[in-house]
Asks: 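After the structure tokens below, expect a handful of questions from me.
Residue numbers start from 1 in every chain, and the chains themselves are labelled A, B, ... in the order their sequence lines are given, proteins ahead of strands. These figures come from a predicted structure and were not determined experimentally.
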Amino acid sequence: MSSADPPNASPDAVKRSRYTLRQLHLLRQGSTATPLRAIAHIDLDAFYAQCEMVRLGIPRDTPLAVRQWDSLIAVNYAARPFGITRMLNAVDARKACPNIVLQHVATFREGEGGRWAYRDDSFRSIKTDKVSLDPYRAESRKILKTMKEELDRWTTEYTDDEIHSLTQGISAGLEKASIDEVFIDLSPLIYRVLLQRYPEIRPNPHDEDRDAELPQPPTTAVQWDSEDCLIGLDREEREEDDPDWDDIVMQIAADIVRSVRMAVWEKLHYTCSAGIARNKMLSKLGSACNKPDKQTVVRNRAIQIFLGGYKFTQIRMLGGKLGDQITADFGTEKVSDLLKFSLDQLRAKLDDHTATWLYGVIRGEDRSEVSPRTQMKSMLSAKSFRPSINSAGQAEKWLRIFAADIYGRLVEDGVLENRRRPRVITLHHRVVQSRSRQIPIPGSNTIDENLLFELAKTLLRQVIADGQAWPCANLSLSVGSFEDGVGKNRAIEGFLLRGDRAKSVTQSTSVREADSTANDHIPPEKKRKVDIKRFFAHPPPPGDPTSIGHDSAQHTDQEVSNAPSDEPEAPALAPADVLPQYNCDRCSKSIPEYEKEEHDDWHFAKDLETQDRQEARNAQQQNQQQTPPANTSRRSGSRGRGGRSRGKPEKGQMRLAFE
DNA sequence: GTACTTTAT
DNA sequence: GGATAAAGTAC
């Protein structure tokens with residue numbers, strides 16, 4: 001043991017953990033600051049290909065690729081041994097594997113309304129059809145739902161009354177990273193499991209030193225599943241060494257992820273691969289290590305070896321121009337080579353922010369958070385033209401289809417029920433360079449296909465008036481800046497929601513874009529029911545005195561603003577005036593006697609949290625920059641917008657009726 | 001806010 | 001490469 005040992009270290013030479021009580025309890029609120037945290041990245045294997053296999057009932061060992069015009073956009077694992085890859089064209093794929101199934105994506109077709117369909121001749125119909133990815137979006141939603149249900153099952157399973165009082169409102173955050181990938185912050189869930197399995201680490205008011213090292217966990221605690229792929233340990237570490245708490249955490253994470261993957265397979269017949277590690281970056285690298293249908297665990301003690309073997313251009317954010325620039329600046333693509341440069345040496349070539357970020361990231365540090373988000377922030381419908389199109393008439397044909405496409409997706413998203421609604425619509429247009437124009441969607445109008453189409457035409461006229469519009473090689477329409485609806489059913493829901501959930505409903509325009517919650521996909525009907533039930537089943541402790549003044553301006557760091565709020569609001573009606581009451585001397589509130597114990601626990605947990613937040617703030621001030629690098633892009637100069645002021649109709653342009 | 005860039009699947 | 005999506009910068 002080192003000289004840093006506390007003087008009161010017990011003389012009986014009990015081995016201590018490398019982690020502290022504080023680090024362990026930071027798991028509770030999904031803090032990004034603890035080295036014990038566990039993040040999973042789950043990636044569907046050749047997703048579009050699997051969607052088609054499921055849809056068509058094609059067995060796993062049949063080679064299949066998804067076709068888009070003459071290109072392949074997904075290749076299943078049965079086809080890969082034949083040398084089939086994306087970027088082969090359909091003809092070459094057939095040559096390499098005569099038996100391959102080449103399934104074209106669904107398409108919209110001019111004059112057939114807003115309905116996509118799978119068509120035998122779509123690959124020949126590039127002139128009249130537009131790709132629809134809707135079938136894949138629908139499958140993606142189902143898969144997310146299944147994953148969430150399985151996580152919820154874990155959450156309820158590992159919740160006895162005592163744990164409940166310490167972890168209420170806390171569950172795994174799930175971030176939809178793309179149509180076929182999610183990040184899950186398993187820390188809060190694992191915290192529950194740990195409290196359940198190891199009662200000795202439950203928060204105890206008598207713990208006086210939260211920064212003392214924890215006792216080591218039982219040496220028999222970690223049993224890896226034979227299916228888990230473990231990244232080999234760093235040089236100084238040995239498999240025979242006794243496990244520490246991070247090993248336990250990772251093993252529980254692996255159990256959870258395995259069961260999530262199994263649920264997806266059993267319910268929907270999709271396989272996926274997963275990476276499990278301390279942070280998003282490592283879990284993402286991990287999920288790609290063993291495909292398909294495998295999960296890879298990057299333990300803390302394996303990080304250095306693991307990362308050292310990579311080209312840094314594989315790391316998120318370094319796959320593009322920034323990565324190229326760094327390669328040029330330092331004459332290497334290897335993480336192991338880059339490790340030799342000091343922070344100051346990195347600073348000499350890169351801006352401060354980027355240098356600090358890079359220095360940490362190649363050492364396995366990544367404090368980016370898993371933001372519980374499953375909803376789209378924008379929707380885009382696009383078409384590339386080969387050959388280019390040459391008139392407004394041709395363009396409008398496509399705008400009709402774009403409008404129908406987007407409208408259909410908005411309906412899925414709940415525009416009809418006023419759940420969400422986009423505030424801006426944008427038209428992108430490319431001749432050589434691309435240009436775009438956007439306008440607000442008038443809030444007074446009901447959004448329908450025709451409104452979108454009319455707005456799109458308005459934008460098209462502006463783009464045409466702006467400059468060289470033809471020949472046009474690419475056109476796209478998108479909507480974004482969604483706001484949460486305050487429809488009738490929304491108002492009462494907002495009233496019943498607690499804490500951060502309520503904020504996400506009512507403050508959709510806050511600076512940091514108060515985001516939706518992990519339960520967003522649940523239909524409002526169901527969500528409301530659940531919330532009401534919990535509301536009455538567990539009357540929450542009265543308002544949290546420690547949180548006074550925590551709002552608004554105080555929310556300067558991620559820890560605070562994103563910590564799941566377990567802070568209940570006082571019920572509109574006090575449960576009972578007739579029950580025996582207990583007066584809490586901490587918060588001077590009067591609560592029912594039978595809740596005293598839970599209330600005290602709650603104060604205790606709150607105190608821990610307050611300390612932890614302070615801790616996190618301090619840590620963050622020291623660490624300065626955890627955020628990914630700023631965009632180094634310089635303006636490409638003289639592409640001026642023609643000096644004409646906007647907002648006025650063009651000469652001869654009609655004002656739209658709804659403006 | 002609007003237009004544009006970068007990164008990613 | 002085509003169709004998406006997200007986040008960030010510049011003004």
Side-chain angles (χ1 to χ4, degrees), chain A residues 41 43-48 66-74 85-90 104-108 116 126 129-134 136-137 140 175-182 284 287-288 313-325 351 353-354 368 371 373-386 398 401-402 405-406 409 423-430 433-440 459 462-463 466 473-482 509 512-513 515 627-642 645-647:
Chain A
H41 179 258
D43 194 313
L44 276 293
D45 301 317
F47 180 51
Y48 294 177
V66 179
R67 180 174 183 177
Q68 180 176 284
W69 316 130
D70 271 336
S71 316
L72 306 186
I73 56 172
T85 65
R86 295 194 292 178
M87 291 318 55
L88 267 192
N89 64 36
H104 200 276
V105 296
T107 58
F108 296 101
W116 53 261
I126 190 167
D129 288 16
K130 131 140 199 65
V131 166
S132 172
L133 300 180
D134 257 11
Y136 310 137
R137 293 192 188 96
S140 177
E175 173 180 328
K176 179 170 181 161
S178 81
I179 195 167
D180 66 348
E181 293 170 87
V182 295
K284 168 107 203 214
S287 68
T313 47
Q314 304 273 281
I315 295 174
R316 208 166 48 130
M317 305 302 301
L318 294 177
K321 298 186 173 187
L322 177 58
D324 290 345
Q325 191 205 322
D351 70 75
H353 185 231
T354 306
S368 59
S371 57
R373 223 189 12 81
T374 51
Q375 304 218 118
M376 295 288 169
K377 295 184 164 177
S378 66
M379 294 176 187
L380 173 140
S381 188
K383 173 82 180 170
S384 293
F385 305 114
R386 35 185 263 261
W398 293 105
I401 293 178
F402 295 164
D405 177 9
I406 288 173
R409 288 196 252 159
R423 281 177 302 182
V424 297
I425 182 167
T426 308
L427 186 76
H428 283 255
H429 174 278
R430 182 162 60 84
Q433 312 222 3
S434 112
R435 286 180 300 155
S436 70
R437 280 312 208 81
Q438 67 180 110
I439 48 177
L459 289 167
Q462 293 182 7
V463 163
D466 263 356
N474 188 95
L475 204 56
S476 73
L477 187 68
S478 58
V479 296
S481 296
F482 281 82
T509 53
R512 293 276 270 133
E513 274 237 33
D515 225 320
T627 42
N631 245 342
T632 21
S633 79
R634 43 229 148 246
R635 296 276 59 182
S636 36
S638 64
R639 200 173 331 102
R641 323 232 49 76
S645 74
R646 261 176 265 117

Asks: Would you indicate whether A/R86, at its atom CZ, is surrounded by more than 12 heavy atoms from other residues, nucleotides or ligands within a distance under 6.0 Å?
Replies: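 Not buried by this count: 12 neighbours or fewer within 6.0 Å.
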Asks: Between C/dA6, C/dT4, C/dA3, which nucleotide gets closest to the side-chain atoms of A/W69?
Replies: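 For A/W69, the side-chain atoms sit closest to C/dA3.
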Asks: Is A/K321 near enough to B/dT6 that one of its side-chain N or O atoms lies under 4.0 angstrom from OP1 or OP2?
Replies: yes
Asks: For A/K284, which contact category applies under a 4.0 Å heavy-atom criterion: base, sugar-phosphate, or nothing?
Replies: sugar-phosphate
Asks: Among B/dC4, C/dG1, C/dA5, which is the nearest nucleotide to the side chain of A/M87?
Replies: C/dG1
Asks: If you compare every side-chain N and O of A/K130 against the phosphate oxygens of C/dA3 (OP1, OP2), does one of them come in below 4.0 Å?
Replies: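 For A/K130, the contact criterion (side-chain N or O under 4.0 Å from OP1 or OP2 of C/dA3) is not met.
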Asks: Measure from the side-chain heavy atoms of A/P440 and tell me the nearest of B/dT2, C/dA5, C/dA6.
Replies: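 Nearest to the side chain of A/P440 among the choices is B/dT2.
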Asks: State which of B/dT7, B/dA3, B/dT9 makes the closest approach to the side chain of A/L322.
Replies: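 Between B/dT7, B/dA3, B/dT9, the one nearest the side chain of A/L322 would be B/dT7.
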Asks: Could you tell me whether A/D134 and A/R137 have a side-chain N and a carboxylate O separated by less than 4.0 Å?
Replies: yes
Asks: Which nucleotide in the list C/dA7, C/dG2, C/dA5 gets nearest to the side chain of A/R373?
Replies: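 That would be C/dA7.
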Asks: When you measure from the side-chain N and O atoms of A/S436 to the phosphate of B/dC4, is any distance below 4.0 Å, counting only OP1 and OP2?
Replies: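 Affirmative; the distance criterion is met.
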Asks: Which nucleotide wins on minimum distance to the side chain of A/V131, given the candidates C/dA3, C/dG1, C/dA6?
Replies: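 Output: C/dA3.
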Asks: Let me know, please, whether A/R137 or A/R386 comes out on the 5' side of the other along DNA chain C by nearest nucleotide.
Replies: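 Closer to the 5' end of DNA chain C: A/R386.
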Asks: When you measure from the side chain of A/K383 to the backbone N and O of A/D129, does any donor-acceptor pair fall under 3.5 Å?
Replies: yes
Asks: To the nearest Å, how far apart are A/Q68 CD and B/dT9 C1'?
Replies: 13 Å
Asks: Here's a test of your reading of the structure: between A/S378 and A/S384, which maps to the more 5' nucleotide of DNA chain C?
Replies: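 Final value for this comparison: A/S384.
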Asks: Among A/H429, A/R437, A/R435, which one satisfies side chain to side chain donor-acceptor pair (under 3.5 Å) with A/Q462?
Replies: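 That would be A/R437; it is the only one of A/H429, A/R437, A/R435 passing the side chain to side chain donor-acceptor pair (under 3.5 Å) with A/Q462.
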Asks: Indicate whether OP1 or OP2 belonging to B/dA3 is found under 4.0 Å from a side-chain N or O atom of A/R437.
Replies: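 Checking A/R437 against B/dA3: at least one side-chain N or O falls below 4.0 Å of OP1 or OP2.
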Asks: For C/dA5, does either OP1 or OP2 sit under 4.0 Å from a side-chain N or O belonging to A/R409?
Replies: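 Yes.
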Asks: Reckon A/I179 touches a base, only the sugar-phosphate, or nothing at all at heavy-atom distances under 4.0 Å?
Replies: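 No contact.
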Asks: Grab the CG-P distance between A/N89 and C/dG1 for me, whole Å please.
Replies: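 My rounded result for the distance is 13 Å.
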Asks: What integer distance in Å separates A/R86:CZ from C/dA3:C1'?
Replies: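 It works out to 12 Å between those atoms.
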Asks: Please verify the inter-ring angle class for A/H104 with A/W69; under 30° counts as parallel, over 60° as perpendicular, anything in between as tilted.
Replies: tilted
Asks: For the side chain of A/M379, starting at C-beta, report the closest nucleotide among C/dA3, C/dA5, B/dT9.
Replies: C/dA5
Asks: Between A/Q438 and B/dT2, does any side-chain N or O lie under 4.0 Å from OP1 or OP2?
Replies: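 Looking at the OP1 and OP2 atoms of B/dT2, one of them is under 4.0 Å from a side-chain N or O of A/Q438.
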Asks: In terms of the nearest nucleotide of DNA chain B, which residue is placed more toward the 5' end: A/V424 or A/H428?
Replies: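 Taking each residue's closest nucleotide, the earlier one in sequence belongs to A/V424.
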